[in-house]
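One structure below.
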Amino acid sequence: MAPYHIRQYQERDHKRALELFSRGMNEHAPAYFRHALTLPRTLLTLLGMLLTIVLVYGSWLLATVCCLFVLLCLWLFVWHSCTKYVSTCLQADMADITKSYLNARGSFWVAESGDQVVGIVGCLPVKNPPLGRKQLQLVRLSVSSQHRGQGIAKALVRTVLQFARDQGYSDVVLQTSIVQYSALALYQAMGFRKTDEYFARTFSRLMSFSILCFTYSLPFDWEPQM
């Protein structure tokens, strides 16, 4: 693999940044679906439906078809939720990265390898931080699937931490979903601590799709680990 370097976002990176963000988020749809299938309530619902149809209609074929139809509906709902979230972001902060980040007291970086952008990350000041704290939120971290395992995501997070320290922030905060396993492992390994957990919607609570909040508190003499 070609070596990489991290630099600040430029307008010519916009199309590639949108591609990385969109693909990265849509990759999570299968993980959400698998997570839903492992829930006891999902398994009990499918089993109850299967047995009820067999007892009422005496047809295993009909019962199987109905269960498969429910699974298809669940998959379509999960996929629609992911694509809708991506679409919303593309029309919001990602529509004009320079305006949303660089001109809003935040920043946005890209990781470049072989003249190709292979990773992105951004950060913005938290509008209403806890009393006595100055917080920066890390957002939009994504690395191309072909360039993972090279430490690019960790280097992008370090870039945000260094920026936060240079700008006098006391904390770096972020949010990620319960099924983003690689991201969770990365943040915890780098010293982020879980501070909260919540559900964005009623359906998310039903399917246990929780959002996890993490905080990295910057000591006065902090230096990024290499």
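One-based numbering along the sequence shown.
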Working for side chain to side chain contact (heavy atoms under 4.5 Å, CB included), residues H147 and S113
CA-CA 9 Å; H147 293 80; S113 177; 4.2 Å; yes

Between D93 and Y101, does the side-chain hydrogen bond (donor to acceptor under 3.5 Å, both in side chains) criterion hold? Intermediate values first, please.
CA-CA 8 Å; D93 62 292; Y101 292 90; 2.5 Å; yes

Please assess V160 against W109 for the test side chain to side chain contact (heavy atoms under 4.5 Å, CB included), listing each intermediate value before the final yes or no.
CA-CA 9 Å; V160 175; W109 297 270; 3.7 Å; yes

What verdict does the side chain to side chain contact (heavy atoms under 4.5 Å, CB included) test give for L90 and F21, after you've listed the backbone C-alpha separation in whole Å, the side-chain angles of each residue and the deciding distance to 0.1 Å?
CA-CA 9 Å; L90 293 182; F21 169 71; 4.0 Å; yes

Could you please spell out the steps behind the side chain to side chain contact (heavy atoms under 4.5 Å, CB included) verdict for Q8 and S107?
CA-CA 8 Å; Q8 195 169 63; S107 194; 3.1 Å; yes

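In this structure, the separation between OG1 on T88 and CE on M94 is 13.0 Å, given to the nearest 0.5 Å. The distance from the OG atom of S142 to the CD1 atom of I120 is 5.0 Å, given to the nearest 0.5 Å. Between atom CG of residue L46 and atom SG of residue C66 there is a gap of 11.5 Å, rounded to the nearest 0.5 Å. Annotation: the span from T215 atom OG1 to R133 atom CZ amounts to 9.0 Å, rounded to 0.5 Å. Considering OG1 of T159 and CG of L161, their distance stands at 8.5 Å, rounded to 0.5 Å. One finds the CG atom of L141 at 11.0 Å from the OG atom of S182 (value rounded to the nearest 0.5 Å).
Here D13 pairs with R7 in a salt bridge; the nearest charged N to carboxylate O distance falls below 4.0 Å. A salt bridge is defined here as a Lys NZ or Arg NE, NH1 or NH2 lying under 4.0 Å from an Asp or Glu carboxylate O, and R148 with E27 meets this definition.
Side chains of F192 and L212 form no contact here, defined as non-hydrogen atoms less than 4.5 Å apart. Side-chain atoms of I53 and W60, non-hydrogen and from C-beta on, never get closer than 4.5 Å to each other. Residues V121 and V157 have side chains not in contact (no heavy-atom distance under 4.5 Å, counting atoms from C-beta outward). In this structure, V173 and L138 have side chains that are not in contact, with every pair of non-hydrogen atoms separated by 4.5 Å or more. Within the 4.5 Å cutoff, the side chain of L102 has heavy atoms near those of the Y9 side chain. By the 4.5 Å heavy-atom criterion applied to side chains, C89 and R140 are counted as neighbours. Put simply, the side chain of L71 reaches to within 4.5 Å of the side chain of L37, judged on heavy atoms. Proximity of Y169 to P125: side-chain heavy atoms (C-beta onward) are separated by under 4.5 Å at one or more points.
Residues Y4 and Q150 share a closest heavy-atom pair of CE2-O, 3.7 Å. Across S100 and A92, no two heavy atoms sit closer than the pair OG-O, 4.3 Å. In terms of heavy-atom proximity, A164 sits nearest to L136 at CB-CD2, 3.8 Å. In terms of heavy-atom proximity, L218 sits nearest to R165 at CD1-N, 3.8 Å. Nearest heavy atom pair, residue D171 against residue S217, reads OD1-OG, 3.0 Å. Between S177 and L184 the shortest heavy-atom distance is O-CD1, 4.0 Å.
Figure legend: K194 and F214 shown without cation-pi pairing, the cationic atom not lying both under 6.0 angstrom from the six-membered ring centre and within 45 degrees of its axis.
Grouping the Ile, Leu, Val, Met, Phe, Trp and Tyr side chains by contacts below 4.5 angstrom, directly or via other members, places V110 apart from I6.
Under the side chain to side chain donor-acceptor pair (under 3.5 Å) criterion, no residue pair touches residues 48-59, with sequence neighbours excluded. Residue pairs meeting the side chain to side chain donor-acceptor pair (under 3.5 Å) criterion with at least one partner in residues 65-84, sequence neighbours excluded, do not occur; the list is empty.
Remark: the backbone N or O of A36 is paired with a side-chain donor or acceptor of T42 at under 3.5 angstrom. K134 places no side-chain N or O within 3.5 Å of a backbone atom of P129 that could act as its donor or acceptor partner.
Side-chain atoms of Q135 and S170 include no donor-acceptor pair closer than 3.5 Å. With hydrogens and angles left out, the side-chain atoms of S22 and E19 include no donor and acceptor closer than 3.5 Å. In this model, no donor atom of one side chain and acceptor atom of the other lie less than 3.5 Å apart for Y32 and Q180.
More than 12 heavy atoms of other residues, nucleotides or ligands sit less than 6.0 Å from atom OH of Y181. The neighbour count for R105 CZ, taken as heavy atoms of other residues, nucleotides or ligands under 6.0 Å away, does not exceed 12.
Note on ring orientation: taking the six-membered ring where Trp is involved, the planes of H35 and F209 are tilted (angle from 30° to 60°).
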